[in-house]
**Student:** 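Sharing a structure, written as C-alpha coordinates. Questions coming.
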Amino acid sequence: MLRPRIVVCLDVRDGRVVKGTRFVNLRDVGDPVELAGRYEADGADEVVFLDITASHEGRATLLDTVRRTAETLFIPLTVGGGVGTVDDVGALLRAGADKVSVNSALARQPELAAEAAARYGSQCLVASVDGAREGDGWRVYTHGGRLPSDLDAVEWAAECARRGAGEILLTSIDRDGSRIGYDLELTRRVASRVSVPVVASGGGGSAEDVLEVLTSGGASAALLAGILHDGVTTVTNIKSVLTARGMSMRASNGAERSSQR
Amino acid sequence: MTPRVGVFDYGAGNLHSLVKAIEVSGASTQVFTDCRETLSSDALVLPGVGSFATAADALAGAGDEVREALEEGLPCLGICLGMQILFEESDEGGGPGIGFLPGRVERLRGEIVPHMGWNDVDTGDDPLFAGTPDLIAYYANSYVCRPGDEDSVTAWSEYQGDRFAAAVRRGRCWGTQFHPEKSSRPGLRIIANFLKEAAR
(Lines give C-alpha, C1' and ligand atoms only; values in the text may rest on other atoms or scores of the structure.)
Protein backbone atom coordinates (compact mmCIF):
# COMPACT_ATOMS: atom_id res chain seq x y z
CA MET A 1 0.00 0.00 0.00
CA LEU A 2 1.01 3.58 -0.54
CA ARG A 3 2.51 5.01 2.64
CA PRO A 4 1.50 8.46 3.89
CA ARG A 5 4.49 10.76 3.60
CA ILE A 6 6.27 13.13 5.91
CA VAL A 7 7.87 15.92 3.93
CA VAL A 8 10.52 18.14 5.47
CA CYS A 9 10.77 21.72 4.24
CA LEU A 10 13.93 23.78 4.38
CA ASP A 11 13.96 27.50 3.60
CA VAL A 12 17.04 28.23 1.54
CA ARG A 13 18.58 31.62 0.95
CA ASP A 14 21.84 32.32 -0.87
CA GLY A 15 22.84 28.71 -0.52
CA ARG A 16 22.18 28.41 3.21
CA VAL A 17 19.27 27.09 5.22
CA VAL A 18 17.67 29.91 7.14
CA LYS A 19 14.99 30.10 9.73
CA GLY A 20 12.68 32.91 10.64
CA THR A 21 9.09 33.89 10.91
CA ARG A 22 7.31 34.94 7.74
CA PHE A 23 10.52 35.82 5.96
CA VAL A 24 11.76 38.12 8.74
CA ASN A 25 14.36 37.68 11.49
CA LEU A 26 16.16 35.15 9.37
CA ARG A 27 19.11 33.34 10.81
CA ASP A 28 21.52 30.85 9.36
CA VAL A 29 20.93 27.31 10.53
CA GLY A 30 23.19 25.32 8.26
CA ASP A 31 24.21 23.77 5.01
CA PRO A 32 21.30 22.49 2.88
CA VAL A 33 23.21 19.46 1.61
CA GLU A 34 24.08 18.35 5.11
CA LEU A 35 20.65 19.04 6.61
CA ALA A 36 18.82 17.29 3.77
CA GLY A 37 21.02 14.23 4.28
CA ARG A 38 20.39 14.29 7.99
CA TYR A 39 16.63 14.29 7.39
CA GLU A 40 16.95 11.38 4.97
CA ALA A 41 18.72 9.46 7.74
CA ASP A 42 15.95 10.50 10.15
CA GLY A 43 13.33 8.91 7.91
CA ALA A 44 11.96 11.87 5.96
CA ASP A 45 10.08 10.64 2.91
CA GLU A 46 10.85 13.75 0.89
CA VAL A 47 12.67 17.03 1.21
CA VAL A 48 11.48 20.40 -0.06
CA PHE A 49 13.74 23.39 -0.62
CA LEU A 50 11.87 26.65 -0.62
CA ASP A 51 14.18 29.26 -2.08
CA ILE A 52 13.60 32.67 -0.58
CA THR A 53 16.54 34.37 -2.25
CA ALA A 54 15.47 37.74 -3.57
CA SER A 55 18.31 38.50 -5.93
CA HIS A 56 18.76 37.41 -9.51
CA GLU A 57 22.31 36.14 -8.87
CA GLY A 58 20.76 33.91 -6.24
CA ARG A 59 19.40 31.63 -8.97
CA ALA A 60 22.85 30.35 -9.88
CA THR A 61 23.56 29.71 -6.20
CA LEU A 62 20.29 27.81 -5.89
CA LEU A 63 21.06 25.62 -8.90
CA ASP A 64 24.44 24.83 -7.41
CA THR A 65 22.84 23.97 -4.06
CA VAL A 66 20.33 21.70 -5.77
CA ARG A 67 23.10 20.03 -7.76
CA ARG A 68 25.20 19.33 -4.69
CA THR A 69 22.20 18.08 -2.75
CA ALA A 70 21.03 15.72 -5.49
CA GLU A 71 24.45 14.09 -5.51
CA THR A 72 24.07 12.81 -1.97
CA LEU A 73 20.32 12.73 -1.35
CA PHE A 74 18.59 9.53 -2.40
CA ILE A 75 15.02 10.48 -1.58
CA PRO A 76 12.90 12.88 -3.66
CA LEU A 77 13.74 16.56 -3.66
CA THR A 78 11.20 19.25 -4.52
CA VAL A 79 12.40 22.78 -5.17
CA GLY A 80 10.23 25.88 -5.24
CA GLY A 81 10.43 29.63 -4.88
CA GLY A 82 10.73 32.16 -7.66
CA VAL A 83 10.00 29.74 -10.48
CA GLY A 84 8.70 31.90 -13.30
CA THR A 85 8.90 30.01 -16.56
CA VAL A 86 8.94 26.53 -18.07
CA ASP A 87 12.67 27.01 -18.61
CA ASP A 88 13.11 27.69 -14.89
CA VAL A 89 11.35 24.38 -14.23
CA GLY A 90 13.68 22.66 -16.67
CA ALA A 91 16.80 24.22 -15.16
CA LEU A 92 15.87 23.03 -11.66
CA LEU A 93 15.05 19.53 -12.88
CA ARG A 94 18.33 19.32 -14.73
CA ALA A 95 20.17 20.55 -11.66
CA GLY A 96 18.73 17.65 -9.70
CA ALA A 97 15.24 18.50 -8.46
CA ASP A 98 12.74 15.67 -8.84
CA LYS A 99 9.80 18.02 -8.63
CA VAL A 100 9.44 21.75 -9.00
CA SER A 101 6.79 23.73 -7.22
CA VAL A 102 5.34 26.81 -8.85
CA ASN A 103 3.25 29.43 -7.10
CA SER A 104 2.91 33.05 -8.26
CA ALA A 105 3.81 32.30 -11.87
CA LEU A 106 0.92 29.85 -12.19
CA ALA A 107 -1.57 32.44 -10.98
CA ARG A 108 -0.17 34.90 -13.50
CA GLN A 109 0.13 32.41 -16.33
CA PRO A 110 -1.92 29.24 -15.74
CA GLU A 111 -0.98 27.73 -19.13
CA LEU A 112 2.51 27.23 -17.74
CA ALA A 113 1.17 24.09 -16.01
CA ALA A 114 0.19 22.35 -19.23
CA GLU A 115 3.46 23.31 -20.94
CA ALA A 116 5.62 22.06 -18.10
CA ALA A 117 3.56 18.87 -17.74
CA ALA A 118 3.80 18.11 -21.46
CA ARG A 119 7.55 18.54 -21.45
CA TYR A 120 8.51 16.97 -18.14
CA GLY A 121 5.49 14.97 -17.05
CA SER A 122 2.82 15.92 -14.48
CA GLN A 123 4.60 14.01 -11.73
CA CYS A 124 7.33 16.63 -11.50
CA LEU A 125 5.08 19.68 -11.42
CA VAL A 126 3.77 20.77 -8.03
CA ALA A 127 1.27 23.61 -7.76
CA SER A 128 1.92 25.52 -4.59
CA VAL A 129 -1.27 27.13 -3.29
CA ASP A 130 -1.17 29.51 -0.32
CA GLY A 131 -4.61 30.22 1.12
CA ALA A 132 -5.92 32.40 3.95
CA ARG A 133 -9.38 32.08 5.45
CA GLU A 134 -11.80 34.76 4.40
CA GLY A 135 -15.50 34.37 5.13
CA ASP A 136 -16.67 30.97 3.99
CA GLY A 137 -13.66 30.34 1.80
CA TRP A 138 -9.93 30.79 1.47
CA ARG A 139 -8.33 33.45 -0.65
CA VAL A 140 -5.17 32.62 -2.62
CA TYR A 141 -2.15 34.79 -1.87
CA THR A 142 0.92 34.91 -4.09
CA HIS A 143 4.46 36.26 -3.78
CA GLY A 144 5.31 34.44 -0.59
CA GLY A 145 1.92 35.14 0.94
CA ARG A 146 2.15 38.90 0.48
CA LEU A 147 -0.21 39.64 -2.43
CA PRO A 148 -3.91 38.80 -2.32
CA SER A 149 -5.32 37.41 -5.56
CA ASP A 150 -8.90 37.08 -6.78
CA LEU A 151 -8.69 33.31 -6.63
CA ASP A 152 -10.49 30.92 -4.33
CA ALA A 153 -8.01 28.38 -2.96
CA VAL A 154 -10.19 25.29 -3.46
CA GLU A 155 -11.20 26.21 -7.00
CA TRP A 156 -7.69 27.29 -7.87
CA ALA A 157 -6.16 24.05 -6.63
CA ALA A 158 -8.65 22.15 -8.75
CA GLU A 159 -7.80 24.21 -11.79
CA CYS A 160 -4.05 23.70 -11.30
CA ALA A 161 -4.62 19.94 -11.18
CA ARG A 162 -6.85 20.05 -14.24
CA ARG A 163 -4.18 21.97 -16.12
CA GLY A 164 -1.48 19.43 -15.40
CA ALA A 165 -0.03 19.83 -11.90
CA GLY A 166 0.68 16.40 -10.47
CA GLU A 167 0.52 17.44 -6.83
CA ILE A 168 -0.86 20.29 -4.73
CA LEU A 169 1.30 21.78 -2.00
CA LEU A 170 -1.38 23.45 0.09
CA THR A 171 -0.31 25.96 2.70
CA SER A 172 -2.60 27.60 5.21
CA ILE A 173 -1.20 31.07 5.70
CA ASP A 174 -3.23 31.41 8.93
CA ARG A 175 -1.60 28.36 10.42
CA ASP A 176 1.90 28.81 9.02
CA GLY A 177 4.41 28.83 11.86
CA SER A 178 1.67 28.51 14.51
CA ARG A 179 2.22 24.85 15.46
CA ILE A 180 -1.45 24.57 16.43
CA GLY A 181 -2.32 22.04 13.75
CA TYR A 182 -3.06 22.08 10.04
CA ASP A 183 -6.16 23.73 8.60
CA LEU A 184 -8.12 20.50 8.36
CA GLU A 185 -11.14 22.01 6.71
CA LEU A 186 -9.13 23.64 3.93
CA THR A 187 -7.15 20.46 3.40
CA ARG A 188 -10.27 18.31 3.34
CA ARG A 189 -12.01 20.62 0.88
CA VAL A 190 -9.08 20.62 -1.51
CA ALA A 191 -8.33 16.91 -1.16
CA SER A 192 -11.92 15.99 -1.95
CA ARG A 193 -11.97 18.33 -4.94
CA VAL A 194 -8.79 17.20 -6.72
CA SER A 195 -7.66 13.82 -8.02
CA VAL A 196 -3.95 14.42 -7.40
CA PRO A 197 -2.09 14.06 -4.09
CA VAL A 198 -2.30 16.93 -1.61
CA VAL A 199 0.61 17.85 0.65
CA ALA A 200 -0.70 19.75 3.66
CA SER A 201 1.45 22.54 5.00
CA GLY A 202 1.23 25.16 7.71
CA GLY A 203 0.63 24.52 11.39
CA GLY A 204 2.15 21.08 11.95
CA GLY A 205 3.21 21.07 15.59
CA SER A 206 2.97 17.47 16.76
CA ALA A 207 2.55 13.86 15.71
CA GLU A 208 -1.13 14.27 16.56
CA ASP A 209 -1.45 17.10 14.03
CA VAL A 210 0.19 14.97 11.36
CA LEU A 211 -2.11 12.06 12.17
CA GLU A 212 -5.20 14.26 11.88
CA VAL A 213 -4.28 15.82 8.56
CA LEU A 214 -3.38 12.45 7.03
CA THR A 215 -6.63 10.88 8.19
CA SER A 216 -9.52 13.31 8.55
CA GLY A 217 -7.78 15.95 6.43
CA GLY A 218 -7.43 13.57 3.50
CA ALA A 219 -3.85 14.66 2.76
CA SER A 220 -1.39 12.26 1.12
CA ALA A 221 1.50 13.93 2.87
CA ALA A 222 2.19 16.30 5.74
CA LEU A 223 4.87 18.94 5.53
CA LEU A 224 6.89 19.83 8.61
CA ALA A 225 9.56 22.41 9.23
CA GLY A 226 9.95 24.32 12.50
CA ILE A 227 9.34 21.56 15.02
CA LEU A 228 12.03 19.47 13.34
CA HIS A 229 14.56 22.25 12.81
CA ASP A 230 14.15 23.35 16.43
CA GLY A 231 14.72 19.83 17.66
CA VAL A 232 11.28 19.61 19.32
CA THR A 233 10.93 16.16 17.83
CA THR A 234 12.27 14.00 14.99
CA VAL A 235 10.73 12.34 11.95
CA THR A 236 11.59 9.00 13.51
CA ASN A 237 9.66 9.89 16.67
CA ILE A 238 6.64 11.14 14.76
CA LYS A 239 6.61 8.02 12.63
CA SER A 240 6.77 5.75 15.63
CA VAL A 241 3.81 7.56 17.23
CA LEU A 242 1.83 7.26 13.98
CA THR A 243 2.77 3.61 13.59
CA ALA A 244 1.59 2.92 17.13
CA ARG A 245 -1.68 4.59 16.21
CA GLY A 246 -2.17 2.20 13.30
CA MET A 247 -0.77 4.21 10.39
CA SER A 248 1.49 2.37 7.92
CA MET A 249 4.49 4.62 7.73
CA ARG A 250 7.74 3.82 5.96
CA ALA A 251 10.33 3.04 8.61
CA SER A 252 13.48 5.12 8.47
CA ASN A 253 16.40 3.29 7.00
CA GLY A 254 18.93 5.98 6.45
CA ALA A 255 20.92 5.71 9.65
CA GLU A 256 22.61 2.55 8.58
CA ARG A 257 23.45 4.02 5.22
CA SER A 258 25.02 7.21 6.49
CA SER A 259 27.32 5.20 8.70
CA GLN A 260 28.51 3.38 5.59
CA ARG A 261 29.65 6.58 3.94
CA MET B 1 37.96 -2.95 -14.65
CA THR B 2 35.37 -0.33 -13.78
CA PRO B 3 32.28 -0.90 -15.89
CA ARG B 4 31.19 2.02 -18.05
CA VAL B 5 27.49 2.70 -17.84
CA GLY B 6 25.87 4.69 -20.61
CA VAL B 7 22.95 6.81 -19.44
CA PHE B 8 20.54 7.90 -22.15
CA ASP B 9 19.48 11.52 -21.63
CA TYR B 10 16.08 12.33 -23.14
CA GLY B 11 16.69 15.96 -22.22
CA ALA B 12 13.78 16.02 -19.82
CA GLY B 13 15.06 16.15 -16.30
CA ASN B 14 17.07 15.11 -13.33
CA LEU B 15 19.88 12.63 -13.97
CA HIS B 16 22.08 13.79 -11.11
CA SER B 17 20.93 11.42 -8.41
CA LEU B 18 20.86 8.52 -10.82
CA VAL B 19 24.38 9.15 -12.06
CA LYS B 20 25.65 9.48 -8.49
CA ALA B 21 23.80 6.36 -7.40
CA ILE B 22 25.54 4.42 -10.18
CA GLU B 23 28.91 5.93 -9.32
CA VAL B 24 28.71 5.19 -5.60
CA SER B 25 28.26 1.57 -6.63
CA GLY B 26 31.63 1.63 -8.31
CA ALA B 27 30.81 2.16 -11.98
CA SER B 28 31.66 5.08 -14.19
CA THR B 29 28.96 6.83 -16.17
CA GLN B 30 28.68 8.65 -19.44
CA VAL B 31 25.57 10.57 -20.39
CA PHE B 32 24.55 10.56 -24.05
CA THR B 33 21.81 12.42 -25.85
CA ASP B 34 22.18 10.14 -28.87
CA CYS B 35 20.97 6.72 -27.84
CA ARG B 36 23.13 5.00 -30.48
CA GLU B 37 26.23 6.14 -28.60
CA THR B 38 25.11 4.41 -25.40
CA LEU B 39 25.20 1.05 -27.15
CA SER B 40 28.98 0.73 -26.93
CA SER B 41 28.86 1.00 -23.12
CA ASP B 42 29.14 -2.02 -20.83
CA ALA B 43 25.59 -1.41 -19.65
CA LEU B 44 22.74 0.89 -20.55
CA VAL B 45 20.52 2.82 -18.16
CA LEU B 46 17.27 4.37 -19.36
CA PRO B 47 16.29 6.98 -16.80
CA GLY B 48 12.83 7.81 -15.58
CA VAL B 49 12.02 11.40 -16.25
CA GLY B 50 9.88 13.07 -18.87
CA SER B 51 6.89 11.88 -20.84
CA PHE B 52 6.65 8.85 -23.12
CA ALA B 53 6.57 11.18 -26.11
CA THR B 54 9.75 12.95 -24.99
CA ALA B 55 11.55 9.64 -24.69
CA ALA B 56 10.16 8.25 -27.95
CA ASP B 57 11.21 11.44 -29.76
CA ALA B 58 14.66 11.29 -28.18
CA LEU B 59 15.12 7.77 -29.50
CA ALA B 60 15.04 9.46 -32.89
CA GLY B 61 14.49 6.27 -34.82
CA ALA B 62 17.16 4.33 -32.92
CA GLY B 63 14.58 2.04 -31.29
CA ASP B 64 15.39 -0.90 -33.57
CA GLU B 65 19.11 -0.60 -32.88
CA VAL B 66 18.53 -0.49 -29.13
CA ARG B 67 16.24 -3.52 -29.34
CA GLU B 68 18.85 -5.46 -31.30
CA ALA B 69 21.55 -4.57 -28.77
CA LEU B 70 19.27 -5.79 -25.94
CA GLU B 71 18.53 -8.99 -27.89
CA GLU B 72 22.27 -9.52 -28.12
CA GLY B 73 22.58 -9.24 -24.36
CA LEU B 74 23.56 -5.65 -23.61
CA PRO B 75 22.72 -5.27 -19.89
CA CYS B 76 20.06 -2.64 -19.37
CA LEU B 77 18.14 -1.06 -16.51
CA GLY B 78 15.06 0.99 -17.39
CA ILE B 79 13.66 3.12 -14.59
CA CYS B 80 10.03 4.31 -14.49
CA LEU B 81 9.54 5.88 -17.93
CA GLY B 82 12.74 4.07 -18.90
CA MET B 83 10.95 0.78 -18.14
CA GLN B 84 7.86 1.88 -20.03
CA ILE B 85 9.84 2.76 -23.14
CA LEU B 86 10.98 -0.89 -23.32
CA PHE B 87 7.40 -1.79 -24.27
CA GLU B 88 5.60 -1.29 -27.57
CA GLU B 89 3.46 1.77 -27.09
CA SER B 90 1.79 4.00 -24.51
CA ASP B 91 -1.60 5.55 -23.88
CA GLU B 92 0.37 8.65 -22.96
CA GLY B 93 0.95 9.15 -26.68
CA GLY B 94 4.08 9.65 -28.68
CA GLY B 95 5.80 7.31 -31.06
CA PRO B 96 6.51 3.63 -30.59
CA GLY B 97 8.69 2.42 -27.76
CA ILE B 98 11.67 0.12 -28.11
CA GLY B 99 9.41 -2.92 -28.24
CA PHE B 100 11.83 -5.24 -26.45
CA LEU B 101 8.97 -6.39 -24.22
CA PRO B 102 5.50 -7.16 -25.53
CA GLY B 103 2.67 -5.12 -24.07
CA ARG B 104 1.53 -1.58 -23.69
CA VAL B 105 1.66 1.22 -21.20
CA GLU B 106 -1.69 2.28 -19.76
CA ARG B 107 -2.95 4.89 -17.36
CA LEU B 108 -3.19 3.77 -13.74
CA ARG B 109 -6.70 3.00 -12.60
CA GLY B 110 -6.45 4.75 -9.21
CA GLU B 111 -8.64 7.58 -8.00
CA ILE B 112 -5.66 9.75 -7.19
CA VAL B 113 -3.12 9.91 -10.01
CA PRO B 114 -0.12 10.40 -10.16
CA HIS B 115 0.77 7.54 -7.88
CA MET B 116 3.22 9.48 -5.77
CA GLY B 117 5.15 8.21 -2.81
CA TRP B 118 6.49 5.11 -1.14
CA ASN B 119 4.75 1.86 -1.87
CA ASP B 120 5.33 -1.77 -0.97
CA VAL B 121 6.96 -3.92 -3.61
CA ASP B 122 6.21 -7.62 -3.61
CA THR B 123 9.47 -8.98 -4.93
CA GLY B 124 10.31 -12.44 -6.17
CA ASP B 125 13.73 -14.02 -6.08
CA ASP B 126 15.30 -12.09 -8.93
CA PRO B 127 18.93 -11.16 -8.08
CA LEU B 128 18.00 -7.51 -8.60
CA PHE B 129 16.29 -7.66 -5.21
CA ALA B 130 19.04 -9.41 -3.27
CA GLY B 131 19.34 -7.90 0.20
CA THR B 132 16.15 -5.82 -0.01
CA PRO B 133 13.58 -7.65 2.12
CA ASP B 134 10.20 -5.95 2.68
CA LEU B 135 11.00 -3.45 0.00
CA ILE B 136 9.24 -0.09 0.04
CA ALA B 137 10.20 2.05 -2.93
CA TYR B 138 9.47 5.51 -4.25
CA TYR B 139 7.09 5.93 -7.15
CA ALA B 140 6.04 8.94 -9.19
CA ASN B 141 3.99 7.66 -12.11
CA SER B 142 0.65 8.07 -13.82
CA TYR B 143 1.13 5.17 -16.21
CA VAL B 144 2.00 1.51 -15.73
CA CYS B 145 3.15 -1.30 -17.98
CA ARG B 146 0.74 -4.09 -18.87
CA PRO B 147 3.15 -6.77 -20.08
CA GLY B 148 1.89 -9.14 -22.73
CA ASP B 149 3.88 -11.85 -21.01
CA GLU B 150 3.37 -11.92 -17.23
CA ASP B 151 6.34 -14.25 -16.86
CA SER B 152 8.52 -11.20 -17.40
CA VAL B 153 7.17 -9.61 -14.21
CA THR B 154 9.59 -10.01 -11.29
CA ALA B 155 7.77 -7.83 -8.75
CA TRP B 156 4.29 -6.40 -8.23
CA SER B 157 2.84 -3.39 -6.47
CA GLU B 158 -0.72 -2.40 -5.85
CA TYR B 159 -2.27 1.04 -5.83
CA GLN B 160 -5.92 1.74 -5.10
CA GLY B 161 -6.97 -1.68 -6.32
CA ASP B 162 -4.79 -1.69 -9.43
CA ARG B 163 -2.11 -4.39 -9.30
CA PHE B 164 0.70 -3.56 -11.67
CA ALA B 165 4.18 -4.65 -12.70
CA ALA B 166 6.65 -3.08 -10.28
CA ALA B 167 9.57 -4.68 -12.10
CA VAL B 168 10.20 -6.75 -15.20
CA ARG B 169 13.06 -8.73 -16.62
CA ARG B 170 13.87 -10.31 -19.93
CA GLY B 171 17.34 -11.80 -20.22
CA ARG B 172 19.84 -9.17 -19.11
CA CYS B 173 17.37 -6.33 -19.32
CA TRP B 174 15.58 -5.16 -16.16
CA GLY B 175 12.95 -2.52 -15.63
CA THR B 176 11.62 -0.97 -12.43
CA GLN B 177 8.51 1.19 -12.32
CA PHE B 178 9.75 2.73 -9.08
CA HIS B 179 12.83 4.93 -8.74
CA PRO B 180 15.68 3.04 -7.06
CA GLU B 181 17.81 6.20 -7.10
CA LYS B 182 15.13 7.87 -4.95
CA SER B 183 14.43 4.90 -2.69
CA SER B 184 17.16 5.52 -0.15
CA ARG B 185 19.36 2.65 0.98
CA PRO B 186 17.39 -0.28 -0.50
CA GLY B 187 17.23 1.56 -3.81
CA LEU B 188 20.99 1.96 -3.94
CA ARG B 189 21.31 -1.74 -3.22
CA ILE B 190 19.13 -2.48 -6.26
CA ILE B 191 21.37 -0.36 -8.47
CA ALA B 192 24.43 -2.12 -7.08
CA ASN B 193 22.74 -5.48 -7.74
CA PHE B 194 22.09 -4.47 -11.33
CA LEU B 195 25.73 -3.51 -11.84
CA LYS B 196 26.83 -6.80 -10.33
CA GLU B 197 24.55 -8.76 -12.68
CA ALA B 198 25.63 -6.63 -15.62
CA ALA B 199 29.26 -7.52 -14.93
CA ARG B 200 28.61 -11.26 -15.10
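We name chains A, B, ... by the order of the sequence lines, and we start the count at 1 in each one.
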**Student:** Under the criterion side-chain hydrogen bond (donor to acceptor under 3.5 Å, both in side chains), I'd like the reasoning laid out for A:Ser240 against A:Asn237: C-alpha separation, chi angles, the key distance, then a yes or no.
**Tutor:** CA-CA 5 Å; A:Ser240 57; A:Asn237 282 340; 4.6 Å; no

**Student:** Indicate whether the side chain of A:Asp51 and that of A:Thr53 have a donor and an acceptor atom separated by less than 3.5 Å.
**Tutor:**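 Side chains of A:Asp51 and A:Thr53: pair found under 3.5 Å.
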
**Student:** Which residues in residues 101-108 of chain B have a heavy atom less than 4.5 Å from any heavy atom of chain A?
**Tutor:**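 Checking residues 101-108 of chain B against chain A gives no residue, so none.
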
**Student:** If you measure only the distance, is there a donor-acceptor pair under 3.5 Å linking the side chains of A:Glu40 and B:Ser184?
**Tutor:**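 Yes.
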
**Student:** Can a side-chain donor-acceptor contact be found between A:Asn103 and A:Ser128 if the only test is distance below 3.5 angstrom?
**Tutor:**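 Per modelled atom types, A:Ser128 and A:Asn103 side chains form a pair under 3.5 Å.
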
**Student:** Give a yes/no verdict on a cation-pi contact between A:Arg3 and B:Trp118, requiring under 6.0 Å between NZ or CZ and the six-membered ring centre and an angle within 45° of the axis.
**Tutor:**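 A:Arg3 over B:Trp118 ring: no.
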
**Student:** Counting heavy-atom pairs under 4.5 Å with chain B, which one of A:Ala95, A:Ala221, A:Ser122, A:Ser248 comes out on top?
**Tutor:**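 Top option by heavy-atom pairs under 4.5 Å: A:Ala95.
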
**Student:** Which residues pass the salt bridge (Lys or Arg N to Asp or Glu O under 4.0 Å) test with A:Arg245, sequence neighbours left out?
**Tutor:**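 Counting only residues at least two positions away or on another chain, A:Arg245 forms a salt bridge (Lys or Arg N to Asp or Glu O under 4.0 Å) with A:Glu208.
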
**Student:** Say you draw a straight line from OG of B:Ser157 to CG of B:Asn141; how long is it, rounded to the nearest 0.5 Å?
**Tutor:**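 Those atoms lie 9.0 Å apart.
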
**Student:** Are B:Tyr139 and B:Phe164, when compared by the centres of their aromatic rings, separated by less than 6.0 Å?
**Tutor:**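 Yes, the ring of B:Tyr139 comes within the 6.0 Å limit of the ring of B:Phe164, centre to centre.
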
**Student:** Under a 4.5 Å heavy-atom cutoff, which of A:Pro76, A:Ala70, A:Gly121, A:Pro197 has the most pairs with chain B?
**Tutor:**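 Among A:Pro76, A:Ala70, A:Gly121, A:Pro197, the one with the most close pairs to chain B is A:Pro76.
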
**Student:** Has B:Glu150 got more than 12 heavy atoms of other residues, nucleotides or ligands less than 6.0 Å from its CD?
**Tutor:**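 It does not: B:Glu150 CD has 12 such atoms or fewer within range.
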
**Student:** With under 30° as parallel and over 60° as perpendicular, where do the rings of B:Phe178 and B:Phe129 fit, or are they tilted in between?
**Tutor:**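 Aromatic pair B:Phe178/B:Phe129 classed tilted.
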
**Student:** Looking at A:Gly90, A:Ala97, A:Ala118, A:Ser220, which has the largest count of heavy-atom pairs under 4.5 Å with chain B?
**Tutor:**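 Option with the top pair count is A:Ala97.
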
**Student:** When heavy-atom pairs shorter than 4.5 Å are enumerated against chain A, which of B:Glu158, B:Glu111, B:His179, B:Met116 gives the highest number?
**Tutor:**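 That would be B:Met116.
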
**Student:** Taking only heavy atoms into account, what residues of residues 153-169 of chain A are found under 4.5 Å from chain B?
**Tutor:**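 If one takes a 4.5 Å heavy-atom cut-off, the residues of residues 153-169 of chain A near chain B are A:Gly166, A:Glu167.
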
**Student:** Regarding A:Asp42 and A:Thr236, do their side chains bring together a donor and an acceptor under 3.5 Å, going by distance alone?
**Tutor:**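 Their side chains do contain a donor-acceptor pair, which is all the 3.5 Å distance test asks for.
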
**Student:** Spell out the residues in residues 20-27 of chain B that have some non-hydrogen atom less than 4.5 Å away from a non-hydrogen atom of chain A, in order of number; otherwise answer 'none'.
**Tutor:**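 Within residues 20-27 of chain B, the residues under 4.5 Å from chain A are B:Lys20, B:Ala21.
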
**Student:** Is it the case that the side chains of B:Thr54 and B:Ser51 hold a donor-acceptor pair, with the cut-off being a distance below 3.5 Å and no angle test?
**Tutor:**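 The criterion, which ignores hydrogens and geometry beyond distance, is satisfied for B:Thr54 and B:Ser51.
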
**Student:** Can you measure from CG (A:Leu10) to OG1 (A:Thr69) and round to the nearest 0.5 angstrom?
**Tutor:**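 Going from the CG atom of A:Leu10 to the OG1 atom of A:Thr69 covers 9.0 Å.
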
**Student:** Look up atom CZ in A:Arg94 and atom CG in A:Asp87, then write down how far apart they are to the nearest 0.5 Å.
**Tutor:**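 The CZ atom of A:Arg94 sits 12.0 Å away from the CG atom of A:Asp87.
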
**Student:** For the residue pair B:Tyr143 / B:His115, report whether a side-chain donor-acceptor contact shorter than 3.5 Å exists.
**Tutor:**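 Result is no, nothing qualifies.
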
